[in-house]
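Structure, as structure tokens:
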Amino acid sequence: MKRNGQVRFLTCIAIVLLLLLIVQTHAWAQDPLAKRITITLKNEPLKTALDKITNISGIKFTYNEQVASSNVKLSVSAKDSPLSTVLNDAFTGQPLQFSPLGAEIFIRFDPAKEKKPEAEPAANPAASQGKRTLSGTIKYASTGETIIAATLRVAGTNYATSSNEYGFYSITLPVGTHSISVNAVGTKSYKTTIDLNKNTSLNIALHDDLNELETVTITGNNDRRRVDNPQMGMERLSISETKNVPVLLGERDLIKTLQLLPGVKTSGEGSGGFFVRGGSADQNMILLDEAPVYNASHLLGFFSTFNSDAIKNVTLYKSGMPAQYGGGLSSVLDVKMNDGNNQKFGVSGGVGLIAARINVEGPIQKEKSSFLISARRTYADLFLKLSSDSNVKNSELYFYDVNLKANYILGDKDRLFISGYFGKDVLGADNVAGINWGNATATLRWNHVFSSKLFSNTSAIFSNYNYKIKSIDDESSLSLFSQIRDWNFKQDMQWYANDKNTLSFGLNSIYHTIKPGEVQATGNSGLLSQELQNRYSLENAVYASNTWKASNTLSFTYGLRVSAFSILGKGDYYTFDPEGNVTGTTSYESGEIVKTYVNLEPRIAAAIQLNNSTSIKASYVRNAQNLHLISNSNSSSPTDRWVASTNVIKPELSDQVSLGYYKNLGNDNYELTVETYYKTLQNQIDYRNGANIYTNQPIETQLLYGKGRAYGAEFLLKKKNGKLTGWIAYTISKTERKIDGINSNNWYNARQDRTHDISLVTMYQLSKKWSLSANWVFSTGNAVTFPNGKYKLLGHSYFYFSDRNADRMPSYHRLDLGATRLLKQTKKYSSELSFSLYNAYGRENAYRITFRDKETDPNRTEAVRTTLFRFVPSISYNFKF
């Protein structure tokens, strides 16, 4: 069966490659320079000649005023010849050159062909041969917010760059006059001409494109995808991409939107956890303004910790992670908060069925500094007060979170950012039982521009996650507390060495404190008060990488991250026999090094550009992970236990190779992405049969170790512009583990293994007032272990299990519908109503399946399906002024 599965997988890949060949053949046929025409020109002025070619061929030309007003005249005679041949013949002896620019052709003067006085090169050799650097910051004109990943291009050339995470850009160009264009999501294109004779600083402010914001719901990039960039396996989301996606209970959720992308799978109905390319939930490194977030969910996963009102940008790396990122095997989710409006004060927010939110921002000193305060709270607990049942009435069920940020422009070269997040969940029943958990982060960042080519970011970061469980009755009480706390220092540098090389290098140091569990018990609870030993560790890393543009069609990114994880005392560490019994104990003093793991993490990626809209990319990346989440459920829970690597628990390692095909279609209105991958994993952790993570024994007594593998193919077709926008995503994959002591030491399905995963997302701008949306999802059921027999003992039934994860939950599918009605929009105020219907056709998707004796015949067993949601409508009111 496994061989047949692999044959089917390889057959699928072969079909995909054949389709890509057909698409590529079609793309070559659409090359504007390949258009064949018949034309005769005799000493025609340049502009007139180009107009005649356009009338015959339908191909448009782009040029500046200098070209349009020139006295160049063209002559040519051609019969059924490619346009490239016609232009080559017509431009012979003329100081002109041409190159494709999307569906058009760009015409510019060629300085190398211009006739110049013989003495000029000798008199000024630097002017003809030298290069200079253009650098600066790109921001929104309306708010002063810096823009991430804005694209700057030099017309008629292959020179291009993007702004970094802080809006800074740098590009080295030949001395001379250049026409540049800058594009970003939701803004008008910025164009200007630069006379570059010296290193020049140019800060660029982009204006909102109000027409686009009215008609475009989702756009991956206002400009075409950077097919020449070696980076692959990356998905970047802006808030506009999540605005109209139907959501559960009216709360926009970035993670729920990410789960609609290929290679990203939800960990369960209503869950905030996600799996990326065969990895478990804890193998995703989640960062909020560079601070690690160890539990990114509210209300047991129904909502994420990220309030979209406070978020600027979200970037997900599924493979080929840049060398500055480490600590997660499967992915990096880098979330950046808004900086705050430094131009004017503004208030926005919304009220839904179960939650309300408010966002306030404005200048501290106009154009110099700004602040942001964003808060959200659910109020389901207020409805509980209306119940006549005292147990329900006195219960607690809510979460809240607060985002804070301030930034200061200290001068032309320095900027300071201070940001923080605090969130908490409270679930309780009449003060007798409950669970509280929450995250707190703080980040202090300093940006400094050493020169037009050297940019620095220095960060000091704090992160804390904890949970507390309590249970109280008349005769006893029990509480359990656990915590993970980090102190983190980072130094990142970017050196734009020249027009072909951009280097990134830096270091990172994190001091971890993990409190595995503190138990306080009274009365006859059957437990004793105890405090498990705190675990301390120091995680250091240095890295360097370079993006090298080897030619106009070939680019590389290569680098190395070196991580060192030191386990520190104070505490006892153990040795074990194969059955998990303790065989020895060694005690260490405070600060004493128990063991250090050093790992080399190389990364390399390459992009071959087939033409200006098509490329093939490949990458290899190794990642190491030193913190591990011990969980025995399909989705992450706030009570799951974090442990660090020990003398027995080794760092997890992954090696991933990826191959991808990228194509911009239909005048860049469509994007086609196809990626395949194969990943191997080492030092994977799973439970022994019958394990208990709350034992007072060392956690290692409950664990087994082994390896894993994951492979698959991902397809994404996205429509970016127009009234109808959206995407189709499909993933076919396989994820397996092989753990000594489980399933007779054979390969078995990992819990997150799902063969097929499909998402169809559409959004339609019906009118200026109404926008509609829908998404449909389908996935193979999760791998689970069902009982395959039972026995009776003293009148009770007990089930027994054999192969782990050998069964499947039923397939999952769901349709969500949404609509947004714009109520009012002026320059100073806007408001809207958002409607959504979750699970529109009422599919009873299985959240859990349990087994029990059948009431009418105890000798028979019946399966009981639990369903969470059917027909969940919601409405919310949003405003901004």
Side-chain angles (χ1 to χ4, degrees), residues 20-116 153-160 174 176-181 189 191 193 223-224 227-228 551-554 608-616 663-670:
L20 294 179
L21 180 61
I22 295 171
V23 171
Q24 183 60 50
T25 303
H26 175 74
W28 284 330
Q30 298 302 311
D31 187 345
L33 291 173
K35 181 77 173 182
R36 305 184 77 87
I37 67 170
T38 298
I39 192 170
T40 299
L41 302 173
K42 290 186 178 179
N43 217 28
E44 295 278 2
L46 176 61
K47 187 175 184 304
T48 303
L50 295 178
D51 289 342
K52 288 184 176 181
I53 295 174
T54 297
N55 291 334
I56 294 172
S57 66
I59 303 299
K60 295 181 179 181
F61 295 89
T62 299
Y63 44 82
N64 60 23
E65 184 61 30
Q66 184 182 11
V67 172
S69 61
S70 70
N71 57 6
V72 171
K73 295 184 178 182
L74 302 182
S75 296
V76 69
S77 180
K79 184 176 181 180
D80 194 29
S81 299
L83 190 51
S84 58
T85 302
V86 174
L87 293 178
N88 273 323
D89 293 345
F91 288 0
T92 300
Q94 303 291 354
L96 299 169
Q97 62 177 210
F98 63 90
S99 59
L101 186 64
E104 301 179 358
I105 298 174
F106 181 75
I107 307 295
R108 68 191 293 263
F109 278 111
D110 185 352
K113 294 182 179 180
E114 289 188 276
K115 294 181 180 180
K116 299 180 180 179
R153 297 182 184 276
V154 181
T157 74
N158 291 310
Y159 290 106
T177 302
H178 301 280
S179 296
I180 65 170
S181 62
S189 180
K191 296 183 179 180
T193 299
D223 195 26
R224 65 178 184 270
V227 295
D228 59 324
S551 69
N552 289 337
T553 59
L554 182 61
I608 301 175
Q609 194 169 349
L610 303 181
N611 56 42
N612 68 323
S613 64
T614 312
S615 69
I616 294 176
K663 177 70 180 175
N664 292 310
L665 301 165
N667 293 328
D668 300 332
N669 286 325
Y670 296 86

Task: Ser81 side-chain N/O to Lys79 backbone N/O, donor-acceptor pair under 3.5 Å - done: yes
Open item on the list: Nearest 0.5 Å, please: how far is CD1 in Ile39 from CG in Asp80?
Closed with: 13.5 Å
Task: Heavy-atom side-chain contact between Leu74 and Gln94 under 4.5 Å - done: yes
TODO: Look at atom OH of Tyr670 and say whether more than 12 heavy atoms of other residues, nucleotides or ligands are closer to it than 6.0 Å.
DONE: no
Task: Distance (rounded to the nearest 0.5 Å) between Thr193 OG1 and His178 NE2 - done: 10.5 Å
Open item on the list: Nearest 0.5 angstrom please: Asn43 CG to Thr48 OG1, how far?
Closed with: 11.5 Å
TODO: May I ask you to check whether Thr92 and Asp89 show a side-chain donor-acceptor distance below 3.5 Å?
DONE: no
TODO: Please round to the nearest 0.5 Å and tell me the distance separating atom CD of Gln97 and atom CZ of Phe106.
DONE: 8.5 Å
TODO: Evaluate the side-chain hydrogen bond (donor to acceptor under 3.5 Å, both in side chains) criterion for residues Lys42 and Ser75: first the C-alpha distance (whole Å), next the side-chain angles of each, then the deciding distance (0.1 Å), finally the verdict.
DONE: CA-CA 5 Å; Lys42 290 186 178 179; Ser75 296; over 6 Å; no
- [ ] Could you tell me the separation between the CG atom of Leu610 and the OG atom of Ser615, rounded to the nearest 0.5 Å?
- [x] 7.0 Å
Open item on the list: With a 4.5 Å cut-off on side-chain heavy atoms, are Phe98 and Leu33 touching?
Closed with: yes
Open item on the list: When you compare the side chain of Phe91 with that of Val72, does any pair of heavy atoms fall below 4.5 Å?
Closed with: no
- [ ] Kindly give the heavy-atom pair with the smallest separation between Ser181 and Lys191, and that separation in Å.
- [x] CB-CG, 3.9 Å
- [ ] Please assess Val76 against Leu87 for the test side-chain contact (heavy atoms from CB on, under 4.5 Å), listing each intermediate value before the final yes or no.
- [x] CA-CA 9 Å; Val76 69; Leu87 293 178; over 6 Å; no
- [ ] Kindly indicate whether the side chain of Asn611, heavy atoms from C-beta on, has any atom under 4.5 Å from the side chain of Thr553.
- [x] no
- [ ] Rounded to the nearest 0.5 Å, what's the gap from OG1 on Thr614 to CG on Asn612? Could you check?
- [x] 7.5 Å
Side-chain atoms of residues 52-59: list all donor-acceptor pairs with protein atoms under 3.5 Å, sequence neighbours left out, distances to 0.1 Å.
unit_1, atom_1, unit_2, atom_2, d
Lys52, NZ, Glu44, OE2, 2.6
Thr54, OG1, Leu50, O, 3.1
Thr54, OG1, Ile59, O, 2.9
Asn55, ND2, Asp51, O, 3.3
Ser57, OG, Ile53, O, 2.7
Ser57, OG, Ile59, N, 3.1

